[in-house]
Amino acid sequence: MFSTTAQRSRGDADSPSRRLAFGGDYNPEQWPREVWDEDVRLMLEAGVDLVTVGVFSWAHLEVAPGDYRFDWLDDVLDRLTRAGIGVDLATATASPPPWLTSLHPEILPVTREGTVLWPGGRQAFCPSSPVYREHAVALCRKMAERYAGLDSLRLWHVGNELGCHNALCFCDTSAAAFRGWLRERYGDLDELNRVWGTAFWSQRYTDFEQVLPPRQVTAVPNPTRELDFRRFSSDELLANYVAERDVLRELSPGVPVTTNFMVMQNSKEMDYFRWAEEVDVVSNDHYLMAEDPEGYTELAFSADLTRGVARGRPWLLMETSPGAVNWQPRNIARRPGELLRSAMQHVGRGADGILFFQWRASAAGAEKFHAGLLPHAGTDTRTWRESVELRRVLDAVAEIEGSVARNRVAILFDWHAWWASELDSHPSTDVRYRDVPKVLHRSLTDAGVGVDVVHPDSDLTGYDLVLVPTLYTVTDTAADRLREAVEGGATALVTYFSGIVDEHDHIRLGGYPGAYRDLLGIRVGEFLPLRADEAVELSNGWRGTVWAEDLQLTGAESLATYVDGPAPGVPAVTRHAVGRGSAWYAATRLDRDASDALVARLVEASGVEPLAGVRPGVEVTRRHADDGRSWLFVVNHTDAGVDVEARGLDLVSGRSADGVVTVDAGGVAVVREA
Ligand code: GAL
């Protein structure tokens with residue numbers, strides 16, 4: 001999809017072939033022209049074939065209102081084009097230049113507390129600002145008019161990580177836009193009052209003008225307003241994207257348009273399932289939290305979620321770091337081989353190209369200690385050598401392009417549930433939305449079981465096992481979908497604090513968990529959250545933390561009860577036979593061993609086959625092509641070599657696998673299966 005027809009290696013001019021994209025952000029405006037020659041030469045040496053240009057170039061492209069200077073960019077793009085390097089061309093609207101914010105200070109974002117966020121960093125604009133939008137769209141139009149016919153243009157890149165620093169703005173412009181969004185959604189004030197539950201604490205509105213964004217308040221703010229404000233904010237940023245995209249579609253038809261998502265650990269702001277409907281190609285940025293020696297487990301989950309966002313289709317890793325980043329407390333360098341392992345985790349989970357931030361490490365500015373493919377020390381560096389090796393491996397496995405990873409197990413994930421579940425005044429602050437899905441994902445991965453991460457409203461009937469972790473907010477559609485899957489024969493696991501409220505954050509009455517109560521054959525009268533360091537033991541030896549509850553069986557059987565804690569003797573893990581399937585429930589946060597044990601039972605009950613037998617720290621994933629070919633990816637994060645059952649050709653080593661593929665400590669294999 002993103003492959004460029006380019007020479008496989010220098011000097012191989014007669015054998016053009018398709019390649020998985022490899023490259024990164026290129027910021028030539030930070031460097032004198034002499035450096036540009038070296039850039040192109042070294043890009044070719046490294047096998048770079050796709051670069052993202054112009055992300056932060058606004059101030060260099062439009063030096064005063066309507067005064068555009070494209071000559072330097074023409075020069076850069078011309079050099080890249082002549083070298084056969086593909087371009088992911090940014091619309092350059094990510095960060096408004098100082099002249100714009102000086103002329104129009106009203107576009108600056110304002111925090112919940114009322115603090116103006118001044119220019120001097122980046123992305124200092126209110127997502128609802130019509131002034132920002134007008135200037136951004138005008139620049140986008142100029143870019144499209146000028147470069148739509150560029151030979152090397154592969155992709156348009158709108159903005160950059162929309163919402164990275166300015167997702168929530170509380171200024172007067174945002175307030176007016178929020179009111180407009182609410183009018184459209186709810187029609188009249190009676191409905192707004194009902195949905196927001198304003199009968200509580202004398203919050204009833206009698207005029208839309210009284211409605212404000214959730215600025216800093218005295219007590220706990222209205223939760224549905226908080227939730228709607230998050231929905232609104234995600235929609236506003238998306239509208240900025242759509243405004244530019246529509247210009248690009250008009251002036252540059254046929255060239256795909258993307259904007260880089262941030263599906264990773266803390267990225268809570270955008271509803272990317274919704275955003276994905278508007279992009280031609282899902283592209284994602286992913287950065288490891290280097291402090292975590294097992295950060296690869298988070299990467300695995302995020303990459304599967306990115307594929308879910310892309311509705312299973314191949315996607316592009318738009319940014320990751322070739323080494324240490326600059327923005328964590330301690331910017332730990334990548335360990336030897338980690339660059340290749342991380343990249344192949346993404347590819348094995350559906351990425352069709354690997355790009356980095358950034359091509360050449362900056363000499364000045366806030367990111368000068370952020371790694372680049374080309375480090376300050378030049379090419380005689382480990383980062384450079386490992387990047388060149390990655391290019392080699394991407395070429396070796398290029399035939400996987402366009403294939404897809406799909407599995408029999410699904411984890412349900414929803415940004416709205418994330419937003420709502422972490423609002424104030426809940427039973428326990430220890431319920432963190434991304435926590436339980438990650439633990440379950442890891443247990444599955446450690447067992448060699450492939451998993452998809454999908455939206456709860458998806459059709460689930462193709463899945464044998466469906467996991468529903470802490471899905472606090474559930475629509476009727478989602479509840480129906482799970483029931484249909486179970487009745488049709490699937491095994492489901494629901495965990496605590498799922499199915500509690502509807503999409504307006506109103507309790508589903510009659511006993512928890514309202515949305516799933518009947519399906520699970522249980523009824524919970526009271527939540528019994530645990531103290532910070534408290535753990536409960538279960539009758540089968542498992543251990544839980546965070547949560548317990550007063551649960552009654554109304555059809556389900558108990559698989560384990562609490563031995564101690566606030567509800568000794570009460571069922572903690574249950575199973576309910578429904579139709580041709582069964583619905584299981586876990587009413588505490590199981591620790592890793594217990595999660596592994598429960599997942600093993602669920603996998604067995606659902607009849608799902610592991611992709612291969614592996615030990616923890618060795619990841620296997622599989623991609624399938626329409627024509628029946630398939631590839632088994634093995635990524636060995638451990639310090640010992642491993643033999644994994646496989647038959648075919650390991651494209652990485654070039655060796656055939658006659659029953660097993662041997663993967664060295666820290667190594668990777670991609671077996672084209674016989
Ligand atoms: C991303 C951003 C890049 C760069 C990078 C550093 O969030 O899109 O421009 O700042 O982080 O890790």
Side-chain angles (χ1 to χ4, degrees), residues 23-31 50-60 88-97 117 119-125 127 155-167 237 240-241 244 258-270 272 275 279 281-292 295 298-299 302 306 315-334 338-339 342-343 346 353-376 383 387:
D25 278 49
Y26 179 36
N27 296 305
E29 67 270 35
Q30 294 178 16
W31 299 94
L50 188 61
V51 287
T52 303
V53 184
V55 169
F56 295 108
S57 301
W58 193 341
H60 285 74
D88 165 39
L89 189 56
T91 55
T93 57
S95 207
L117 297 177
R122 64 177 175 186
Q123 273 155 310
F125 64 89
L155 195 60
W156 282 106
H157 183 112
V158 171
N160 190 62
E161 291 188 340
L162 288 162
C164 180
H165 306 287
N166 59 347
L237 282 151
N240 281 318
Y241 163 81
E244 291 192 35
T258 193
T259 183
N260 42 347
F261 295 173
M262 298 172 282
V263 178
M264 60 184 121
Q265 46 271 326
N266 300 323
S267 182
K268 182 173 170 180
E269 266 75 27
M270 305 304 133
Y272 286 126
W275 280 59
V279 298
V281 169
V282 166
S283 66
N284 194 51
D285 295 355
H286 187 273
Y287 289 90
L288 292 164
M289 294 306 289
E291 196 76 54
D292 178 1
E298 199 291 321
L299 186 163
S302 287
T306 304
W315 49 278
L316 177 65
L317 185 73
M318 183 61 85
E319 284 182 27
T320 188
S321 181
V325 299
N326 64 298
W327 44 265
Q328 295 177 16
R330 281 163 294 277
N331 293 299
I332 315 289
R334 281 188 187 271
E338 191 181 331
L339 187 76
S342 294
H346 287 293
I354 302 290
L355 310 186
F356 292 88
F357 184 88
Q358 60 176 330
W359 159 247
R360 181 187 281 272
S362 299
E367 290 179 335
K368 59 183 172 297
F369 292 118
H370 192 293
L373 287 171
L374 182 57
H376 294 146
T383 303
S387 304

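This chain uses plain numbering: 1 for the first residue, then up along the sequence. One-based numbering, in listed order, for ligands and for the atoms of each.
- Here the side chains of Glu319 and Thr52 are not in contact, with every heavy-atom distance at 4.5 Å or above.
- Among protein heavy atoms, the minimum distance from atom 4 (C) of ligand 1 is reached at Glu367 OE2, 3.3 Å.
- When all heavy atoms of Gly163 and Met270 are compared, the closest pair comes out as CA-CE, 3.6 Å.
- Close N/O approach between His370 and ligand 1 is found [any backbone or side-chain N/O within under 3.5 Å].
- Residue Glu319 approaches ligand 1 through these ligand atoms, each under 4.0 Å from one of its heavy atoms: 1 (C), 2 (C), 3 (C), 5 (C), 8 (O), 11 (O).
- A donor-acceptor pair is defined here as one N or O able to donate and one able to accept, closer than 3.5 Å; such a pair exists between the side chain of Thr258 and the backbone of Val281.
- Side-chain atoms of Phe356 and Thr383, non-hydrogen and from C-beta on, never get closer than 4.5 Å to each other.
- Of the N or O atoms in Asn326, none lie within a sub-3.5 Å distance of an N or O in ligand 1.
- When every heavy atom of Trp315 is checked against every heavy atom of Val282, the shortest pair comes out as CB-O, 3.2 Å.
- Checking side-chain atoms of Gln358 against main-chain N and O of His370 turns up no donor-acceptor pair under 3.5 Å.
- In this structure, Arg122 has a heavy atom closer than 4.0 Å to ligand 1.
- The ring of Trp327 has its center closer than 6.0 angstrom to the ring center of Tyr287.
- Against a heavy-atom cut-off of under 4.0 Å, Phe56 is close to the following atoms of ligand 1: 9 (O).
- Near Trp327, the atoms of ligand 1 lying under 4.0 angstrom from a non-hydrogen atom of the residue are 6 (C), 12 (O).
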Do Val325 and Phe357 pass the side-chain contact (heavy atoms from CB on, under 4.5 Å) test, and can you show the C-alpha distance, the side-chain angles, and the key distance before you say yes or no?
CA-CA 9 Å; Val325 299; Phe357 184 88; over 6 Å; no
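- Every atom of ligand 1 with a heavy atom of Asn160 under 4.0 Å away is listed here by number and element: 2 (C), 8 (O), 9 (O).
- Looking at atom 5 (C) of ligand 1, its nearest protein heavy atom turns out to be Tyr287 OH, 3.4 Å.
- Which parts of ligand 1 touch Glu161 is read off a 4.0 Å heavy-atom cut-off, strictly below it: atoms 1 (C), 2 (C), 7 (O), 8 (O).
- Against a heavy-atom cut-off of under 4.0 Å, Phe357 is close to the following atoms of ligand 1: 3 (C), 4 (C), 5 (C), 6 (C), 9 (O).
- Residue Met264 does not touch ligand 1, judged by heavy-atom distances below 4.0 Å.
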